[in-house]
Amino acid sequence: MTEPLIYDYSSPGRAGITMPQPDVPLASFADLPNGLVRDPQTLDLPEVSQLDVVRHFTHLSALNHSIDKGFYPLGSCTMKYNPRINEETARLPGFAFSHPMQDPLTAQGNLALMYQLQEWLKEIGGFAAVTLQPAAGAHGEFTGILMMRAYHLDRGDAARKKILIPNSAHGTNPASTTMSGLEVVELPSDSRGNIDLEALRQACGPDVVGLMITNPNTLGLFEEHIEDVVKLVHGCGGLIYGDGANMNAMVGIARPGDLGFDVLHYNLHKTFSTPHGGGGPGSGPVGVSERLADFLPAPLVAIVEDGDDDEPPLYGFITPKKTIGRMKAFHGQFGMHVRAYTYMRVHGAEGLRENSEVAVLNANYLLAKLKGAYYLPYDRVCKHEFVLEGHWADAPDVHALDISKRLMDYGIHPPTNYFPLIVKEALMIEPTETESKETLDQFAEVMLTIAKEAHESPQVLKTAPHVTPVARLDEVRAAKELVLCCRPLPEWAE
Amino acid sequence: MSYIPHTDADRKAMLAAIGVKSTDEFFADVPASVRFPDLDLPGPLSEPETMRELQELAGSNAHTGEFSCFLGAGAYNHFVPSIVNQMIMRGEFFTAYTPYQPEVSQGTLQAIYEYQSMICALTGMEASNASHYDGATSLAEAAVMAINHFRLKRKKIILSPLVHPHYRAVLRTYTQGMGLNIVGDDQLDLTLSDLVPLMDTDTAMVVAPYPDFLGGVEDLKPIADAAHGVGALLCVVANPVALGLLTPPGALGADMVVGEGQPLGIPISFGGPYLGFFATKKEYVRKMAGRLVGETVDASGKKGYVLTLATREQHIRREKATSNICTNQGLMAIAATVYLSTLGRNGLRQVAEVCYHRAHYAADRIGELSGYTVLRDRPFFHEFVVRCPRPVADINAELLDEYGIIGGYDLGQDYAHLDQHMLLAVTEMNMPDDIDDLANALEEIAKQ
């Protein structure tokens with residue numbers, strides 16, 4: 001099953017919509033600099049009917065797996081149900097049609113919502129201040145690292161250049177560090193999946209900006225020596241950055257700020273149910289401890305005039321004293337803020353904590369069901385996710401990739417594979433709290449069947465998937481031939 | 001209330017299967033001193049109550065559904081065809097993840113491939129990535145790319161002061177750890193030709209807007225030639241709707257074209273989520289940040305699409321990656337693709353022309369008013385500058401309160417020499433009657 005390109009439906013003269021005709025005295029294009037009026041022939045867009053567009057994108061959508069279609073146990077991505085009420089509130093005209101540059105006095109509803117969301121995220125993480133500006137998790141990381149750097153420079157301590165990062169960390173951690181002009185020092189993990197304390201002790205020194213830590217980590221394990229880790233890093237003058245990708249295990253369980261974290265980014269698109277959209281938009285607010293609050297990106301929402309019984313407070317934008325600057329135009333991914341606000345409002349504190357508890361319950365339930373048939377390299381109680389090895393010594397031809405592809409034949413999205421890097425043939429499984437026992441049982445059943453197939457008929461796995469719109473794709477060819485655009489090159493290109 | 005499906009019986013059975021008595025046991029490794037904090041959050045609401053609260057918040061904003069709006073300044077009130085929302089509301093698109101598993105993500109991948117193709121067509125460039133967070137971060141990524149292209153040997157970036165003030169700010173924030181020399185916008189009244197003497201062999205990138213923040217359109221050829229003369233790259237910050245009418249930057253010598261894709265079918269939504277587009281020449285593709293979709297074939301020879309050149313990216317290259325970018329604005333890119341497909345070649349041209357004509361009509365009407373002067377020293381697209389007889393904030397307050405009009409942007413906030421100057425944007429959403437109403441209102445306000 002494939003779908004032609006939208007350009008393949010194109011026929012000169014067709015149009016998908018009626019737009020206004022020029023209806024005022026026509027201005028002359030001759031006012032524009034010579035040669036700057038485009039030859040319409042170079043505007044190479046398709047000419048199709050509206051029904052063509054609807055059918056085309058409906059056909060395309062049918063080629064996707066999605067949470068709406070089936071189980072999506074993609075580790076570290078928190079593919080939970082995306083509540084429909086969020087979609088409706090984000091599209092309320094007062095939100096969707098308000099302009100980012102309009103006078104804040106005329107957008108008090110938006111500012112009130114952003115202020116509340118900042119306050120709730122402060123409370124959930126145990127932080128002194130929160131910015132909603134970062135557009136995604138990696139963007140939040142970058143924001144946090146820039147603030148840590150600015151904090152040390154502000155103290156006149158320019159010698160600090162190193163960011164310590166455990167080898168289980170997500171690749172964005174080292175990449176964000178490099179973008180900030182700092183150096184990465186990788187830390188090994190111990191046999192229980194924790195940061196190796198001895199290695200950390202040796203790495204801590206007067207050149208350390210801070211440590212980036214994901215807790216629970218990408219193995220789904222809570223850092224057993226977290227208090228020691230924080231003490232060591234703070235002891236050498238460093239700061240603690242928390243990667244909040246795994247916050248779905250922690251809301252109402254423990255506050256990173258209480259553990260001594262100085263910075264943390266939240267992924268609203270993971271923990272707080274805003275949709276992933278096939279790769280964005282996300283939203284990555286950042287919370288900070290008191291000593292970093294002055295460095296937050298500008299602007300923040302604040303109460304600029306207190307309210308009373310009759311009048312609500314007046315909200316406005318403020319600039320923190322030592323701000324690192326602006327991370328994004330305007331005010332962040334506002335539509336995502338509305339969705340997360342809606343989600344928190346529906347849940348309250350108890351509901352949010354219950355989500356974390358059940359996310360962890362579901363993961364441990366699957367772990368209990370699967371650990372006999374698959375090797376579990378770190379055999380501990382997990383949090384919201386866990387990592388299995390997708391390989392058996394007595395079925396040497398079968399790899400994690402084959403298991404992943406075979407899962408598609410059963411209508412299930414594969415787990416995250418080959419990550420974290422410290423487990424070979426990793427399969428990282430995160431069920432989330434919105435999946436029922438029946439779904440989990442069915443998944444476990446399928447995983448056990450696949451383990452059996454791996455030993456009895458490995459070829460079925462090696463050639464999987466069999467029932468998807470396309471079979472395995474030639475990624476080497478894609479990178480080598482590099483066809484990124486379906487249209488002929490413009491004539492001015494060499 | 002929650003979306004958890006478990007019954008008490010389910011929970012019991014699951015806890016028993018694991019061999020624990022309660023979920024509390026899962027958290028024994030969390031230090032007791034911080035475990036299970038009482039969170040001070042408002043209590044849960046039912047869905048109807050939640051909806052009511054959100055409606056009240058939304059309802060307290062002035063918005064373009066209710067008022068006529070002449071505010072632009074980087075976010076433009078265009079018509080969003082109903083089909084756009086209907087398509088991106090399909091759960092198969094919006095509840096999917098990044099298409100790492102291509103066999104079950106062909107819908108997203110092909111839509112992004114089509115998006116890349118349309119961005120190339122629009123900008124006149126050879127390669128587009130799958131998008132960035134917004135126009136400002138696209139520009140910042142262009143700067144990082146230019147610096148990496150010259151292997152950190154060139155450290156200067158020349159920035160027109162007429163690039164959007166937020167974009168210039170973001171570029172500075174992004175590069176603060178890189179030791180760059182960013183010049184050009186330290187004097188806010190420099191023109192493009194004033195930037196030429198700043199160029200030298202330390203210059204990695206020159207940034208020119210098209211149209212600029214004040215709506216003006218200048219020929220890019222001279223600055224492209226000057227930049228190339230010193231071996232630097234030219235990055236053009238473009239408005240995609242303007243490219244329906246204007247010669248594409250690719251034909252004028254741009255090496256990168258970036259910008260805000262919001263005008264392509266994305267609601268203004270108080271500033272986000274938007275869409276940063278990024279296009280360049282094929283020779284620079286391996287230095288570019290962000291996701292890329294490429295065409296290939298499957299095991300049976302059938303055409304298909306995959307994310308490609310992942311070896312540039314953080315999940316493979318870690319600290320050596322071209323950027324820390326992980327996500328793009330996938331759903332917004334699909335929205336823009338639906339928009340561009342629906343309007344097509346003629347529709348986009350028509351929208352651009354209507355914007356142009358109506359903006360010029362508005363400038364003519366306002367230019368006739370006593371007390372107001374339209375700055376017409378340079379040609380413009382759909383945004384122009386008016387010198388006002390009173391402070392812009394006062395005029396805007398009256399426009400909103402007395403006439404139900406959201407007025408223009410107060411340029412004095414960013415450009416000291418443009419105090420008491422208003423930036424007005426006109427699109428196909430501003431009907432001729434609305435423009436007349438604005439002119440009449442401004443005339444009356446001037447008399448007071």
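Below, read A as the first sequence line, B as the second, and so on, with proteins coming before strands; counting in each chain starts at 1. Small disclaimer: the values here were computed from a predicted structure and weren't measured.
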Met87(B), part contacting chain A, at a heavy-atom distance under 4.5 Å
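Only the side chain of Met87(B) comes within 4.5 Å of chain A.
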What part of Met178(B) lies closer than 4.5 angstrom to a heavy atom of chain A: side chain, backbone, both or neither?
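Side chain of Met178(B) only, per the 4.5 Å heavy-atom cut-off to chain A.
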Please flag which part of [X] lies under 4.5 Å from any non-hydrogen atom of chain B: side chain, backbone, both or neither.
X: Lys69(A); answer: side chain
X: Asp103(A); answer: neither
X: Glu435(A); answer: backbone
X: Val24(A); answer: side chain
X: Pro465(A); answer: side chain
X: His56(A); answer: side chain
X: Thr58(A); answer: both
X: Ala368(A); answer: side chain
X: Tyr72(A); answer: side chain
X: Glu227(A); answer: side chain

Non-neighbouring partners of Pro99(B) that pass side chain to side chain contact (heavy atoms under 4.5 Å, CB included), sequence neighbours left out:
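Pro99(B) satisfies side chain to side chain contact (heavy atoms under 4.5 Å, CB included) with Ser105(B), Thr108(B), Leu109(B), Leu307(B) only.
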With Glu123(A) via side chain to side chain contact (heavy atoms under 4.5 Å, CB included) - residues at least two apart
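In terms of side chain to side chain contact (heavy atoms under 4.5 Å, CB included), with neighbours along the sequence ignored, Glu123(A) is linked to Arg255(A), Leu39(B), Asp40(B), Leu41(B).
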How about Phe27(B) and Phe222(A): are their ring centres within less than 6.0 Å of each other?
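No, the ring centres sit 6.0 Å or more apart.
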Mind listing the closest non-hydrogen atom pair of Val30(B) and Ala254(A) along with its distance?
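Reported closest heavy-atom pair: CG1-CB, 3.7 Å.
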